Amino acid sequence: MKNRLKVLRAERDWTQADLAERLDVSRQTINAIEKGKFDPSLPLAFRIARLFALSIEEIFDDE
Amino acid sequence: MTSIQARPTTSLAIWTGGWVLATALLSFGPRFLWHYSEAATLVALALQVAVGIGMLFSLRQQVRSLDELQQKIQLEAAATTLAIGLIFAGSYQMLQDVRLLGFTPTISHLMIVLAITYMVTLLMARRRYQ
């Protein structure tokens with residue numbers, strides 16, 4: 001699944017470790033999501049959306 | 001690994017170390033420490049089982065402390081290890097039955113295969129998600 005996580009993170013000048021800490025997951029998980037190797041669960045997707053004050057659809061694209 | 005995950009991992013390492021020591025005590029104690037006293041051996045056995053159960057609960061707690069990707073990696077490694085363990089155990093036992101093995105298969109051989117398989121599959125799964 002494609003996503004805008006890397007762009008959103010870069011806009012805020014956060015490292016993967018910063019984002020991982022804010023979402024209470026490992027840096028490896030952030031890296032895997034950004035590269036599209038791992039799709040987050042619905043609760044984690046909601047946490048990401050809440051953190052960036054966006055809807056899930058504005059961050060993740062299932063096409 | 002986050003700081004929240006580090007504590008259960010340290011706890012698991014301590015329990016695993018304790019289990020190895022309890023197993024060593026049960027293995028070598030009867031011969032070298034208490035000259036096959038049945039009562040002492042039963043105490044060592046009870047200790048080994050109790051520490052083993054502690055290790056099991058600690059492992060469960062450690063897996064629960066992981067995030068969803070790390071849990072998925074652990075699940076993949078555990079599933080592969082279980083499958084390879086079953087295949088290996090079945091074939092290994094059969095090799096002795098058809099006299100292709102010159103020695104008796106023991107559970108320690110299976111444990112070595114399980115440990116190596118788990119480590120290799122864990123590394124492979126971690127690499128896949130990098």
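Treat the numbers as computed from the prediction; the structure is a model and nothing was measured. Values below: all heavy atoms of this structure, side chains included; hydrogens, waters and symmetry mates excluded. Within every chain, numbering begins at 1; the chains are lettered A, B, ... in the order of the sequence lines, protein sequences first and strands thereafter.
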[X] with [Y], same ILVMFWY side-chain cluster at under 4.5 Å:
{"X": "B:Leu47", "Y": "B:Leu33", "answer": "yes"}
{"X": "B:Ile87", "Y": "B:Met119", "answer": "no"}
{"X": "B:Met124", "Y": "B:Leu75", "answer": "no"}

### Query
Under 3.5 Å, side chain of B:Glu68 to main-chain N/O of A:Ser41, donor-acceptor pair present?
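Checking the backbone N and O of A:Ser41 against the side chain of B:Glu68, a donor-acceptor pair under 3.5 Å is found.
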### Message
When you compare the side chain of B:Ile73 with that of A:Gln28, does any pair of heavy atoms fall below 4.5 Å?
### Response
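A side-chain contact exists here, since the closest heavy-atom pair is under 4.5 Å.
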### Query
Looking at side-chain heavy atoms only, is the closest gap between B:Tyr129 and A:Lys35 below 4.5 Å?
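In short, these two side chains do not touch, never coming nearer than 4.5 Å.
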### Message
Is A:Pro40 in contact with chain B via its backbone, its side chain, both, or neither, using a 4.5 Å heavy-atom distance?
### Response
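A:Pro40 touches chain B through backbone and side-chain heavy atoms alike.
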### Message
So, taking the atom named CG in B:Asp67 and the one named CG in A:Leu23, what distance separates them when rounded to the nearest 0.5 Å?
### Response
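With rounding to 0.5 Å, CG (B:Asp67) is 10.0 Å from CG (A:Leu23).
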### Crowding at CD, A:Glu11 (>12 non-hydrogen neighbours, <6.0 Å)
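Enclosed: over 12 neighbouring heavy atoms sit under 6.0 Å from CD of A:Glu11.
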### Message
A quick test of your reading: do over 12 heavy atoms of other residues, nucleotides or ligands sit less than 6.0 Å from CD of A:Glu34?
### Response
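Yes, the 6.0 Å shell around CD holds more than 12 heavy atoms from other groups.
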### Query
With only heavy atoms counted, which part of B:Arg126 is less than 4.5 Å from chain A, the side chain, the backbone, both or neither?
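Backbone plus side chain of B:Arg126, per the 4.5 Å heavy-atom cut-off to chain A.
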